[in-house]
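Shown below is the structure under consideration.
Note that the numbering runs from 1 along the sequence shown for the chain. Both backbone and side-chain heavy atoms feed into the values below; hydrogens, waters and symmetry mates do not. Being a predicted model, the structure only gives us computed values, none of them experimental.
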Amino acid sequence: MKIWVDADACPVVIKEILFKASKRTKIVTTLVANQFIQTPPISSIRFIQVGRGFDVADNEIVQRVQAGDLVITSDIPLAAEVIEKGAIGLSFRGELYTKNDIKARLTMRDFMDTLRSSGIDTGGQAPFSQQDRQTFANHLDKILAKKT
C-alpha cells in the first residue's frame, strides 16, 4: 500500500497527520501538487511537482495509483477514478469514499456546480474543525491498521 495525497488543497494539519503516520508505519506517502511543498526529511515521504493546469495533479495520481493504495483528496471526480482502479479514497475531513456512494456524491457535486453557475448562492463548506481533524485521523488509523 502507498498513500497518495492531492496536496494542492490539503490542509497543513492533515499533511502533518500524514507525515506522522508515514514515519510511524514506514508507508510511502507521496504528495502531488503543481506548486512546491516542503516535506520533512522522512525517508517514506515523497513529493512530485507537476506542471500547472486543470487536473494535472489529479491525472498524475490516477496514472500512478494501484489497487489497495490510499488516496487523500476532497476532489470527488478524482475519488471516483481511484475507486474505479481499486484504491481507497479518504477526504481531508475524514469521509471515506465508497463504490456504494461515489456516484451519488458525483451527482450532488454536479448539481451544486450547476446551481452555482446559475448564480445561486449555495453557501460554502463549513470551516475545517477539530472534529474534522479527529475524524480524518481516526479513519486513517483504521485503514493503516488493516494494511500493516
Is there a path of hydrophobic side-chain contacts, each under 4.5 Å between heavy atoms of I/L/V/M/F/W/Y residues, joining Val62 to Leu90? no
Using the rule that two of Ile, Leu, Val, Met, Phe, Trp, Tyr join whenever any of their side-chain heavy atoms come within less than 4.5 Å, decide whether Val82 and Ile76 are in one cluster. no
Among Val28, Ile3, Thr39, whose side chain to side chain contact (heavy atoms under 4.5 Å, CB included) with Arg46 holds? Val28
Do Phe19 and Val32 share a hydrophobic cluster (ILVMFWY, side-chain heavy atoms under 4.5 Å, transitive)? no
Which pair of non-hydrogen atoms, one from Gly68 and one from Ile88, has the smallest distance, and what is that distance? O-CD1, 4.4 Å
Roughly how far, to the nearest 0.5 Å, is the OG1 atom of Thr29 from the CG atom of Leu18? 6.5 Å
Are the side chains of Arg133 and Gln130 in contact, using a 4.5 Å heavy-atom criterion? yes
Exercise: identify the closest heavy-atom pair between Pro127 and Arg93: O-NH1, 3.7 Å
Got a sec, which residues hit side chain to side chain donor-acceptor pair (under 3.5 Å) with Asp141, two or more places apart in sequence or on another chain? Arg24
Distance alone, cut at 3.5 Å: any donor-acceptor contact between the side chains of Asp132 and Thr135? no
Can you sort out the partners of Ser74 under side chain to side chain donor-acceptor pair (under 3.5 Å), two or more places apart, ordered by chain and number? none
Check for me, please, whether Val65 and Leu96 land in the same ILVMFWY cluster - side-chain distances under 4.5 Å, paths through other members count. no
Applying side chain to side chain donor-acceptor pair (under 3.5 Å), can you list everything that pairs with Ser43, at least two apart in sequence or on another chain? none
Only pairs at least two apart or in different chains count here, so list each side chain to side chain donor-acceptor pair (under 3.5 Å) that has a residue in residues 11-21. none
Rounded at 0.5 Å granularity, tell me how far CD1 in Ile14 sits from CZ in Phe128. 3.5 Å
Would you say that Asn34 contacts Asp8 through its side chain, given a criterion of any heavy-atom pair below 4.5 Å between the two side chains? yes
Out of curiosity, does Ile37 fall in the hydrophobic cluster containing Val13 (side-chain heavy atoms, cut-off under 4.5 Å, transitive links)? yes
Here the gap from Ile45 atom CD1 to Leu31 atom CG, rounded to the nearest 0.5 Å, amounts to 7.0 Å
Minimum heavy-atom distance His139-Gly94, with the two atoms named: ND1-O, 2.7 Å
Nearest 0.5 Å, what's the CZ-CD1 distance between Phe136 and Ile17? 6.0 Å
List the atom of Asp69, the atom of Lys2, and the distance in Å for their closest heavy-atom pair. OD1-N, 3.1 Å
Hits for side chain to side chain donor-acceptor pair (under 3.5 Å) against Gln134, two or more places apart or cross-chain, chain-then-number order -> Asn138
Show the atom names and distances, to 0.1 Å, of all donor-acceptor pairs under 3.5 Å that link a side chain in residues 47-61 to residues at least two apart or in another chain.
unit_1	atom_1	unit_2	atom_2	d
Asn59	ND2	Asp55	O	3.1
Glu60	OE2	Arg64	NE	2.5
Glu60	OE2	Arg64	NH2	3.0

Quick check for you: to the nearest 0.5 Å, what is the distance between Ile83 atom CD1 and Leu78 atom CG? 9.5 Å
Roughly how far apart are Trp4 CH2 and Thr73 OG1, rounded to 0.5 Å? 14.0 Å
